[in-house]
Structures are given as C-alpha cells and as structure tokens.
Asks: 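Below is one structure. I have some questions about it.
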Amino acid sequence: MAGFIPDDKIIELKNTADIVGVISDHVALKKTGHTFKGLCPFHAEKTPSFTVSPDKQIFHCFGCGAGGDVIKFVQEREGLSFVEAAKMLANRFGVALPLGVSPEKSKKERSDREKILAINTLACDFYHDNLIKRSSGKKGFDYLLKRGFSEQVLRDFKLGYAQPGWDNLLQFFKKKNVPTPLAEKAGLIILKTAGGYYDRFRERVIFPIPDNTGSIIGFGGRVLDDSLPKYLNSPETPVYNKSKSLYGLFAAKQIIREKKSVFIVEGYLDAIALHSHGIGNAVATLGTALTPDHVRMLNNLSAENMFLVYDSDAAGIRAAEKCVDVFFKEHMNFSRRDVYTKGDADTKILILPDGYDPDTYIKEFGKQAFEAEAEKALDAVTFLVETAIKRHGLTPQGKIKIIADLSGPLSMIDDSIARSIYVKEIAERTGVGHDAVLQGVRKAAGKPGRTSSVEEMDQREALPLAVDRTEKQILEMMLQCPDIIPDVEARGIAGLLEDNTVKLAVDTVTACYREGDFDPSRLVSTVNNEGVSRLITSVYLKEDQAGQWTDKVCKRLLNQFETAKSKKKRTELDKEIRKAEASQDHERWTGLMAEKQKLAEKFEKRKMGF
C-alpha cells in the first residue's frame, strides 16, 4: 500500500502514465540510445545530466541526485504529497483511483487531511462572506481599501474578516455539523481550560493560505490597529507546516515558471501588494525564516533567479543574512562561471531604501521603480561582504570581525574557483592578506593546516574512498545481474558494508528479489529513504553495462571485496593484539589470537573455493 491508494492501482497508474511524456511537459528531452536526456528541472545546469528511461520508467539527475518514478517527479515538480501527485496523474491519464484501506482505518473513513481541508474551505468562505457581503465586515473592508487594495484583489486572494466575539465561527460550524474536536485539530477553535471552545481569530483581517493545488491549509489574521500580537497564524496541523508553505505560491507558480524568477518577501500584505502591481512572481514566508524546504519548492518551479526582499532596518538585515546560508546549500550554483558577475548572479538580496517595505514602496513608486531597485540588488556574497564592512568598519579590530563573519559562508562554497575569487575579493576589499582570509575559511570549515591553493584543497577532498567505489559496484552488480543476489546474501556481504546508504539499498534490492518483484520502477517506489532512492536510480541509469557482469566478473568482485575486508580486519586485530601484549592482558590476548585464527581459516577456505 502506498498512502491510501491500493498497490494494484499504483502499478496500473505507472504502467499507464508515460514518464517521458509527463517529464517532456517541463523538460526538453533528447533521445540518446535507450534513454532520454535534458537539462535538470531541479537545479541550474548547462550540460544535460538529467536522464529518463522509458524502459525502466524512472528518472535520475547525475548532477543534483534527484531521481525516482513518474509519481516522484510530479511530487517534486509540483510540491505535492504522494497521494496528491498520484491523483493528478490519474486524472490526466484516465485511471480510476479509489482510496484503499489503511491498516488503522476503515474503508469509509476519510483521512484527517481531507476533512481538515474541507473544514478550512468552509471557514475561508465564512470569513470572505463576512468581509464582502455583510455589514459586520465593513470595518475590515474599509481597512483593506485604506491600505490600497482594490475590491478585486480582496476577491482574488479570498481575504476575509473575523468579527468581534468569541464564538462566531464556532456557531457557524455547529450549523454545518462540523465536529468541534476536528475544528480544533484544524487550528480554528481553541479548547478552554474550563471546558468548551472559542474562536482562534477574532476582530482580524483574515488571509487564507492555499497550498500548491489551491486547497486552503491555514490562515493568518492581522489586527486593524496597533494592538499585539499584530499577526496571529494557524498552528501546525496535519495539513499546515509553515516551514514548508509559502503564501501566494498558488497564484504565483505559473508566473515563476515563465519568468524563472521569484521575489521572496516576509508578509501577506507585501506579497499581495506586489501581485496587485503586476509583480506576480512574489511569495511570502509565514512567520518563519526562509527554510531549505521553501527554496526546494521554488527550485522545483524552475525559479533560477531568487530575490530575497527585506526592509533596511537592523532586523531586516539580520534576517537576510540568516537566509543566505539556506541559499548557499539549496540554490546557489557556484560552478556556473558567470555567477560571480552581479548581473548574472542566481541569488540576490534586495534591501529597500530606509523606511520602506515592499508594500509601501511599490504603492508609492510603482512597478518600474521596484524593478529598478531589483536591478541594483546585490548578489548574496557581495551583500554579506558589504554588510559586514558597514557593521564593523575597517579598523584593525573591525577587519578581524569581518573575516570572522565571512569565513563560515565562504567555507560552504562548493566550487574551488568561486571560493578562490571571493577570497581574493574580500582580501582586496578589506586589505587583509589573502592567506589570512583563506586560513579563516579553512578554520570555519573544520579543516586544519594550510594548503597551497583552494583548488588543491578541494581536489583532495573530492577523492572518493576505494571502499565506497567497491560497495557501489556491488550494488550495481546486483541491479544489473540479479542472479548473483543469492550468492551475495549467502556470503553475508551486506554485513560487511560500511556505507549505510549502500547497505540499505542492498537490503532493499535483496528483499525485492526474494519477493520475486524486481521491476525497476516498482523497486524505486518501495524505498522510503531519499538517499537510497537516489542511489538506486543513479546506478540503474548509468550507461548500460549489464553485459559486463558475467558470472566470473561478479564472483571476482565479491572475492576481492571479502579479501579486502579480511585484510582490514586482520590489521585491526594485530593492533589490538599488540595493545593486549603491552598491557599484559593475557585473557584478551588469547581471545584475539583465537579470532585471528578463525579469520585465517575462513580466508584459506575462500581461496580454495569452499
């Protein structure tokens, strides 16, 4: 069972859905032999490393590691759950997709997620009607008009109003026969200490929060005066996680795809103001700092260029600085040689003039002025440099603090040329020696000692261990030549593997083989671990080398692997034996010698073919 959809229906869906056709809607694919290749939709690249196999019904990017089946592609591309992605494909390809039976629930019971989404829709309509149709909502209506929003904008974003009073929504839910415990689980009403319930949102303008599909997952409420808290948001629920949600994304996603860029702001009103003035590729975080999940969602929409828009006050600057780390890890592509040019940087920080936020700025100066400010936005690294200099100054003490501030971010740059260029830029900008800056970067990265160049350092770090290569070869052998799997299992090879991801992959492959189900797409979809899934798809979609795995080659690889492990174990035992001798621990020495003898006997038997 996958989610609440029966296994047989998932198999039918994947057999019906053409993975090449689905992916071709988003990626220009070119046929190369038995596979198709194109530029990856999940990260910026100039050389195609994204591979799709119609035979195996899986995809893999050899650049960023993304991989899976057709449902996984839709999940990642659209930011959907497994069930939502499956339903989308089922609608497209005409596959009837009834919900299955979970072990915990009966056939007739709907999931909590579906129930809460239905309740949220009711609440959204209730609040919106209050604002648009009722005299009781005039106060909220007038407030929003005064803030410069047209009635059409209020309708487009389904804005609402929660009237004064403790139980307006609660009474509405009772008329609609909504169970109060479920309304509480949706975060819309709160349980009193003394018993009973009351509305969470009272006398506030309401901002419904849609997910990628337009379903309402939560709400934000703003007071109409200066009372605190200014904003009140839905709590975390089965459908709402603020670290994985962006306000305005449903309205913005198509424009983000078209423009391949996005403006990220902090508040509901900022996002709506940009949309209402023609900046339709704007989204807002929801009372939290930008998270890796946020950036991945935008990457999935092909947002190659990201603008983080903040106020110029100290809080805005600090918030922007914290977000840069997330961009470094999830979005910035330092291997692109034009990333160092301000105009071509893929991540920029837009700090508006003093006293302005996106809402007030675009209303006073308009779209063109805002876009002109965006043209002047600093790339992320330059922003960090200029901010550190402005904060600390160029006194001797200030320079020490500047290098301390910048060493951490620079240590995260994964391209040696980019890192070297930025180290040189900072050295020149601050007057600090190149070697001193580089030493600070190395210290921040936890790398002791010195190196003659950043490039040399990175090349050493990139060298893979031999055992990693061999372990991955064993997995490749099992996937390309399943007949060897019983031998792998009989020898206990899985127990000798050191890489946990490879070990999990080997265990998964072995289990599928035992069950007699070795279809590549089916195998990938059974894996719950992202790293394992990516590893399997990467191995499956290597250039077809199945012919090289003869029985002789397979057994030679297993023998070499076992021999290497035996030698390593003997070395470890010899070291422990010497320690036991030095400490005169006769009992431990005897046990270790016996273990060494057993290992030697096992090794000799293997050499003789037993």
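Here, residue 1 is the first one in the sequence, and each next residue gets the next number. Note: hydrogens, waters and symmetry copies are ignored here, and every other heavy atom, side chains too, is used.
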Asks: Can you confirm whether the side chains of N233 and Y268 place a donor and an acceptor under 3.5 Å from each other?
Replies: yes
Asks: Mark yes or no for whether T387, through its side chain, and L384, through its backbone, hold a donor-acceptor pair below 3.5 Å.
Replies: no
Asks: When rounded to the nearest 0.5 angstrom, what is the spacing between OG in S407 and CD1 in I402?
Replies: 11.0 Å
Asks: K72: which residues meet the side-chain contact (heavy atoms from CB on, under 4.5 Å) condition with it, sequence neighbours left out?
Replies: F59, D69, Q75, E76, E530
Asks: Does the side chain of I256 come within less than 4.5 Å of V283's, by heavy atoms?
Replies: yes
Asks: Under 30°, 30 to 60°, or over 60°: which ring-plane class applies to Y361 and F365, parallel, tilted or perpendicular?
Replies: tilted
Asks: Is any side-chain heavy atom of Y310 less than 4.5 Å from a side-chain heavy atom of C323?
Replies: yes
Asks: Between E84 and D211, is any pair of side-chain heavy atoms under 4.5 Å apart?
Replies: yes
Asks: Does some side-chain heavy atom of L122 sit less than 4.5 Å from a side-chain heavy atom of D125?
Replies: no
Asks: Should L298 and I264 count as side-chain neighbours, where that means a heavy-atom distance under 4.5 Å?
Replies: yes
Asks: Aromatic ring centroids of F383 and F327 under 6.0 Å?
Replies: no
Asks: Salt bridge or not between R92 and D25? Use side-chain N to carboxylate O under 4.0 Å.
Replies: yes
Asks: Do F370 and F263 touch side chain to side chain, with heavy atoms closer than 4.5 Å?
Replies: yes
Asks: Centre of F149's six-membered ring, under 6.0 Å away, within 45 degrees of the axis: is that where NZ or CZ of K363 sits?
Replies: yes
Asks: Compare all side-chain heavy atoms of E304 with those of D346 and state whether any distance is below 4.5 angstrom.
Replies: no
Asks: Measure from the side-chain N and O atoms of R202 to the backbone N and O of P164, and report whether any donor-acceptor pair falls under 3.5 Å.
Replies: no
Asks: Output every pair passing salt bridge (charged side-chain N to carboxylate O under 4.0 Å, His left out) with a member in residues 220-235, not counting sequence neighbours, ordered by first then second residue.
Replies: none
Asks: Verify whether one side chain among Y356 and E364 offers a donor that lies under 3.5 Å from an acceptor in the other.
Replies: yes
Asks: What I'd like to find out is whether the side chain of F82 reaches to under 4.5 Å of the side chain of I71, using heavy atoms alone.
Replies: yes
Asks: Is it the case that the side chains of N241 and S243 hold a donor-acceptor pair, with the cut-off being a distance below 3.5 Å and no angle test?
Replies: yes
Asks: Going by atom types alone, do H26 and R77 pair a side-chain donor with an acceptor below 3.5 Å?
Replies: yes
